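Would you mind keeping the following structure in view while I ask a few things?
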Amino acid sequence: MPAPALDIQKQIDQLELRRAFGTFLTGVTVLTTTDGEGTPRGMTANSFTSVSLDPPLLLVCVGKSAASFPAFAKSACFAVNLLHERQDGVSSLFASKSAAKFESIGHDVVHTGAPVLTDCLTWFDCSVQQRVDAGDHMILIGRVQAFGTSPSPPLGFCRGRYAEVKDPLPPEWSPSRNMIVGYIIEADGRILLRATSEGKWSLPIAAGRQKTTLLDLNNAKTVALLPDATFLYSIFDVSEGDPGYIIYRGRLAASGEAADDLAPGLRFFPIDDLPFDAIGERDIVAMLRRYVHERSQNRFGIYVDAIDGGRVAMISDPIATRSPAAE
Ligand SMILES: Cc1cc2nc3c(=O)[nH]c(=O)nc-3n(C[C@H](O)[C@H](O)[C@H](O)COP(=O)(O)O)c2cc1C
């Protein structure tokens, strides 16, 4: 039986209305922008909606009473960072009035200049397309200039509480498919490679998708990665019937001499002098060449292969500079 209707002749009770709106299950996002001084500003929001594919548009609603409202009302760009299931703490931080929201959260500039969280489920870097005044909120319509996504399960929100999503990944993502999980690991301008039994070099591989930043590479020595600098980079199949590759990029937490304390068979090579001729797999070479090129511009896309030749998940015009601060 449907819930009883409110008598619309009566004044709508705001608390009841808020509760009714709150029964709609959503994800959770952090909206980010910069204020007039260039200081990053951000707030938690679940009012995100995709709007259009062509042109690529989305919207969010920003409360006029939010301390960061003036920044969103003026800035020419903003980013929407969708949170993954382990980021309820990030949501609470950005829903607070803390003056130090960005101090403990890695962020980076990708395209428009809006801060993009280095760890999140999916991000959309947008220029402002339109602002619409709407009661106690402003509808902010953004045009997606760049975006990136990851296979993490999303953080949900319903009735004022965080919610878990049941079966968050489609079957092709399931670990039972045993995709090969490889890592492009950087330290001090170098990339870590692994010697293969055929006397060639390849990327280090891990036993599966790791939830922690401690990586057990080649079942040998454990290395620690910087938690905020680990991203999905590429997904591809090398041949018909192979299990497929998921490649992450990460940064070693250690640097200098400590970085070189490695298990046998692992070695760092300068990023601009990789032994491409000694890497066996053609697709890994192609991917590493793309990585080296993108690293030189500090601007990355996520490659997903497809029947039509694959695509890089980044919509872009010219190159924007990217602050290395968060990496
Ligand atoms: C899950 C969740 C969703 C929220 N969604 C929105 C929203 O869509 N729009 C909004 O203006 N505030 C929303 N808020 C409230 C803001 O995050 C909160 O007002 C915050 O204090 C704003 O930060 P600021 O005052 O520093 O700008 C949400 C809060 C939570 C916890």
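When reading the values below, keep in mind they use all heavy atoms of this one structure, side chains included, and skip hydrogens, waters and symmetry mates. In each ligand, atom 1 is the first atom listed, and ligand 1 is the first ligand listed. Computed from a predicted structure; not experimentally measured.
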statement: Separation between CD (Glu281) and OH (Tyr245), nearest 0.5 Å, reads 4.5 Å
message: Applying salt bridge (charged side-chain N to carboxylate O under 4.0 Å, His left out) as the test, list every pair that has at least one member in residues 54-64; sequence neighbours left out.
response: Lys64-Asp133
- request: Please check if atom CG in Leu53 has more than 12 non-hydrogen atoms from other residues, nucleotides or ligands closer than 6.0 Å.
  value: no
message: According to side chain to side chain contact (heavy atoms under 4.5 Å, CB included), who are the partners of Cys77, at least two apart in sequence or on a separate chain?
response: Ser75, Thr112, Ala114
- request: Verify whether the ring centers belonging to Tyr183 and Tyr233 lie closer than 6.0 Å.
  value: no
message: I'd like the residue list for ligand 1, meaning every protein residue with a non-hydrogen atom under 4.0 Å from the ligand.
response: Met43, Thr44, Ala45, Asn46, Ser47, Cys61, Val62, Gly63, Ala66, Ala67, Ser68, Phe94, Ala95, Ser96, Lys97, Lys101, His137, Phe157
message: Suppose we screen for side-chain hydrogen bond (donor to acceptor under 3.5 Å, both in side chains). Which residues come up paired with His84, at least two apart in sequence or across chains?
response: Asp119
